[in-house]
Amino acid sequence: MKAGKAPHGFSLIGLVALAVILCSCGAWAKEAPLMYTEPYLLAPTTNSIYVCWITSEETTRSYVEYGPTGSYGYTRSAKTYELEGLKTVDENGKYTVPLKAYQQIVHITNLEPGTRYYYRIVSETGSRRKVSRGYYFKTAPRPGTPVKFILLSDLQLKAQAPATVKLAGQQEADFIIYNGDLVNTPYKAGEWFSVPETPEEDGLRWFNMMQQTGDGCKLLQYIPIYPSPGNHEIDAQEQLMDKRLADRDRMSMSIYMQLFRPLYPEQEYRANGKHWYSMDYGDLHIVSLSVFRWFAWKPEEAPGWFLFDDIKAGSPQYNWLRADLESKKAKYTWVTMHWHMFNRGTDVQVPFTDPTPSVNEPGRMEYPGEKDCLQRDIKPLFESYGVNAVSYGHSHVYERYIINGVHYIEAATIGNNYRSPDDPYEPHGNHPVVEENRFRSFMLASIDPATGMTAQGIQASVEKDGFGTVGRVFDGFTIAQ
């Protein structure tokens, strides 16, 4: 076609006018999928479970079909919640445009303990209907039943994370414990799931990674997850990092808490809200705490590093934890949180307490070691009430300590590693019994009523030095029953 000519008798001016009309009514815009995610499972008990998923429209009807066979036989309708605070990109690629998204939650009850059920999800609007493929879930078993779980943390869109998660998902686990930092900036919808405006990182989005199904991988559609919040669960990360915007009273974990609504029914988004819970799964008592701090300033620079949620003795979180540990009945206890109890890095050199203005140096802050509430208040609770393991993340390393019979584990070399060979040992003089950061890894743990609890560090990559093999067990411990 010659330049300046339009086909079929249209003038160039007419085509431009038609384009304007079509664009203005959205005819050329990419349509969002009806379902942004596949189903994900939360809060199983011996006779119930929550099935959740996210849609781009409110839907006229959303429901789960389920039953003891692939023929299903039962239907349970969803309750719909609008997800508030998510944004997508504008014409300049900036996350400024509010995104409409809706969480569908189905609470299935009257189930049998430790039983597999087959299910699929369905969402309908006036013009569209989406039916997922078939999956299955299991209710929590009664005590005395073998269970297996995987430990993950700190995915944050790291390029290597999908391969590590895929290997973890091939272990036929019953559930996932996740130690915080799911994405980088929660209000960015494109970090959670695929949206038409941001297609470039599809494989790295949190739900995309955690809902892989290739090569026998079974993750969120098949097994429930028990997360704990980290510093990257604050909606707007600039409030953590930018001195002009840092303000604890404005900070919120609304996106994280909405996504995991059945675990946080109070939906208290702000600092010192109820951001903790516990549940039993067979012989295991799982405790999720909210332990992290924010740091727009250098630690010694006023106003210093503050805790987002208080956990010192007498605080609501401490009182709840003490009562929870006193009343637990399960044989074993596993605690998940984000900030490290013990770590060979610089963060733990700053005691875990609110900063105190220096008496001798105006403008500088101090953190008295005797006020470190993790060491002074929480560690004694773990030891007194028989906590077996405490896992955490944040530094993207693999370290394991044994302190007074409690295993402290950071199994967070999922997608990258932040350890420097000259990082200082933790300030209380404890050295890790195992430290292995030459490759990516995750932890696989199990409970057998006959032998007790065992846990293994699993190698998930072979890096430049060529050491080891994928799938190799490089660390392990057993707690006799």
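Small disclaimer: the values here were computed from a predicted structure and weren't measured. Residue indices begin at 1 and follow the sequence shown.
Side-chain atoms of D475 and Y398 include a donor-acceptor pair closer than 3.5 Å. Counting only N and O atoms by type, the side chains of S278 and D324 include a donor and acceptor under 3.5 Å apart. Between the side chains of R120 and S132, no donor-acceptor pair is found at a separation under 3.5 Å. For the 3.5 Å distance criterion, the side chains of S288 and S228 fail to qualify, holding no donor opposite an acceptor. With hydrogens and angles left out, the side-chain atoms of E383 and N404 include a donor and acceptor closer than 3.5 Å. In summary, the side chains of N179 and H338 do not present any donor paired with an acceptor at a separation below 3.5 Å, with no hydrogens or angles considered. Checking N437 against N417 by side-chain atom types alone, a donor-acceptor pair falls below 3.5 Å.
Within the 4.5 Å cutoff, side-chain heavy atoms of V291 are placed close to those of L374. Contact of the M253 side chain with the I234 side chain is registered, since non-hydrogen atoms from C-beta on lie closer than 4.5 Å. Two residues are said to be in side-chain contact when any heavy atoms from C-beta on lie closer than 4.5 Å; F137 and P39 fail this criterion. In this structure, P113 and P141 have side chains that are not in contact, with every pair of non-hydrogen atoms separated by 4.5 Å or more. A 4.5 Å side-chain heavy-atom check between I177 and S391 finds at least one atom pair inside the cut-off. The shortest side-chain heavy-atom distance between I403 and Y408 falls under the 4.5 Å cut-off.
With hydrogens and angles ignored, the 3.5 Å screen pairs a side-chain donor or acceptor of Q160 with a backbone N or O of G415. The closest donor-acceptor contact from the side chain of D354 to the backbone of L307 lies under 3.5 Å. In terms of modelled atom types and a separation under 3.5 Å, the side chain of T185 and the main chain of K188 share no donor-acceptor contact. Panel note: side chain R248, backbone A271; no donor-acceptor pair is recorded below 3.5 Å. Between the side chain of H275 and the backbone N or O of S290, no donor-acceptor pair lies under 3.5 Å. When atom types are taken as modelled, the side chain of T139 and the backbone of T115 share a donor-acceptor pair closer than 3.5 angstrom. The backbone N or O of P380 sits less than 3.5 Å from a side-chain atom of S384, completing a donor-acceptor pair. Counting only distance, with no hydrogens or angles, the side chain of N208 and the backbone of D202 share a donor-acceptor pair below 3.5 Å. Using modelled atom types, no side-chain atom of Q103 and backbone atom of W53 make a donor-acceptor pair closer than 3.5 Å. A side-chain donor-acceptor contact under 3.5 Å links N184 to the backbone of Q156.
A 6.0 Å sphere centred on NZ of K130 holds no more than 12 heavy atoms belonging to other residues, nucleotides or ligands. Annotation: E463, atom CD; neighbour count of heavy atoms from other residues, nucleotides and ligands within 6.0 Å is above 12. Annotation: K331, atom NZ; neighbour count of heavy atoms from other residues, nucleotides and ligands within 6.0 Å is above 12. No more than 12 heavy-atom neighbours from other residues, nucleotides or ligands sit within 6.0 angstrom of NZ on K312. Residue R142 qualifies as open at atom CZ: its count of foreign heavy atoms under 6.0 Å is 12 or below. When the shell of 6.0 Å around NZ of K371 is examined, it contains 12 or fewer heavy atoms from other residues, nucleotides or ligands.
For the pair R261 and Y81, the distance from NZ or CZ to the six-membered ring centre is under 6.0 Å and the angle to the ring normal is within 45 degrees. By the 6.0 Å and 45° rule, K379 does not stack over the aromatic ring of F382. Seen from the ring of F295, R293 does not count as a face-on cation partner, given the 6.0 Å and 45° thresholds.
Between F474 and F439, the ring center distance clears the sub-6.0 Å criterion. Ring centroids of F477 and H407 are separated by less than 6.0 Å, placing the two rings close together. Ring to ring, Y66 and Y74 are close: their centroids are under 6.0 angstrom apart. Y264 has its ring centre no less than 6.0 Å from the ring centre of F260. When ring centroids are compared, W294 and F306 come within the 6.0 Å threshold. If you look at F175 and Y226, their ring centroids are closer than 6.0 Å. Checked against the 6.0 Å centroid criterion, the rings of W334 and F149 qualify as a close aromatic pair. Outside the 6.0 Å centre-distance limit, the rings of Y136 and Y119 are not counted as a close aromatic pair.
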So N388 and T333, side-chain hydrogen bond (donor to acceptor under 3.5 Å, both in side chains) or not? Walk me through it.
CA-CA 6 Å; N388 301 106; T333 303; 4.8 Å; no
side-chain contact (heavy atoms from CB on, under 4.5 Å), that's the test. Do I176 and L220 meet it? Break it down for me.
CA-CA 8 Å; I176 302 164; L220 296 184; 4.1 Å; yes
Under the side-chain hydrogen bond (donor to acceptor under 3.5 Å, both in side chains) criterion, do Y63 and Q104 qualify, and how do the steps go?
CA-CA 8 Å; Y63 56 96; Q104 312 294 339; over 6 Å; no
Might you work through the side-chain contact (heavy atoms from CB on, under 4.5 Å) test for L151 and F442, ending with a clear yes or no?
CA-CA 6 Å; L151 188 66; F442 62 93; over 6 Å; no
Derivation of the side-chain contact (heavy atoms from CB on, under 4.5 Å) call for C52 and L42:
CA-CA 8 Å; C52 311; L42 295 173; 3.9 Å; yes
Assess the residue pair I54 and L259 against the criterion (side-chain contact (heavy atoms from CB on, under 4.5 Å)); give the C-alpha distance rounded to whole Å, side-chain angles, the decisive distance to 0.1 Å, and a yes or no.
CA-CA 9 Å; I54 301 170; L259 289 174; 3.5 Å; yes
side-chain hydrogen bond (donor to acceptor under 3.5 Å, both in side chains) between S48 and T109, worked out
CA-CA 4 Å; S48 69; T109 57; over 6 Å; no
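Ring geometry for Y40 against F207 counts as tilted: the plane angle lies between 30° and 60°, on a 0 to 90° scale. Ring geometry for Y50 versus H107: interplanar angle under 30°, hence parallel rather than tilted (30 to 60°). Between H394 and W339, the two ring planes are tilted [angle within 30° to 60°].
Each of E435, E426, E410, E399 was evaluated against R344; a single residue qualifies, E435, per the salt bridge (Lys or Arg N to Asp or Glu O under 4.0 Å) test.
One distance of note links OH of Y72 with CD of E65; it measures 7.0 Å at 0.5 Å rounding. The SG atom of C217 sits 5.0 Å away from the CD atom of Q212 when rounded to the nearest 0.5 Å.
Residue E82 comes nearest to Q258 through the heavy atom pair O-OE1, 3.5 Å, listed as atom of the first residue, atom of the second, then distance. Across all their heavy atoms, T59 and T55 have their closest contact at CG2-OG1, 3.9 Å. The two residues M210 and Q221 have their closest heavy-atom pair at O-OE1, 4.1 Å. For D377 against A313, the heavy-atom pair with the smallest separation is OD2-N, 2.9 Å. S153 and A411 make their closest contact through CB-O, 4.4 Å (heavy atoms, listed as atom of the first residue, atom of the second, distance). Nearest approach of M209 to L155, heavy atoms of both residues: CE-CB, 4.0 Å.
Look at R270 and D249 and you find no salt bridge, because none of the NZ, NE, NH1 or NH2 atoms lies under 4.0 Å from a carboxylate O.
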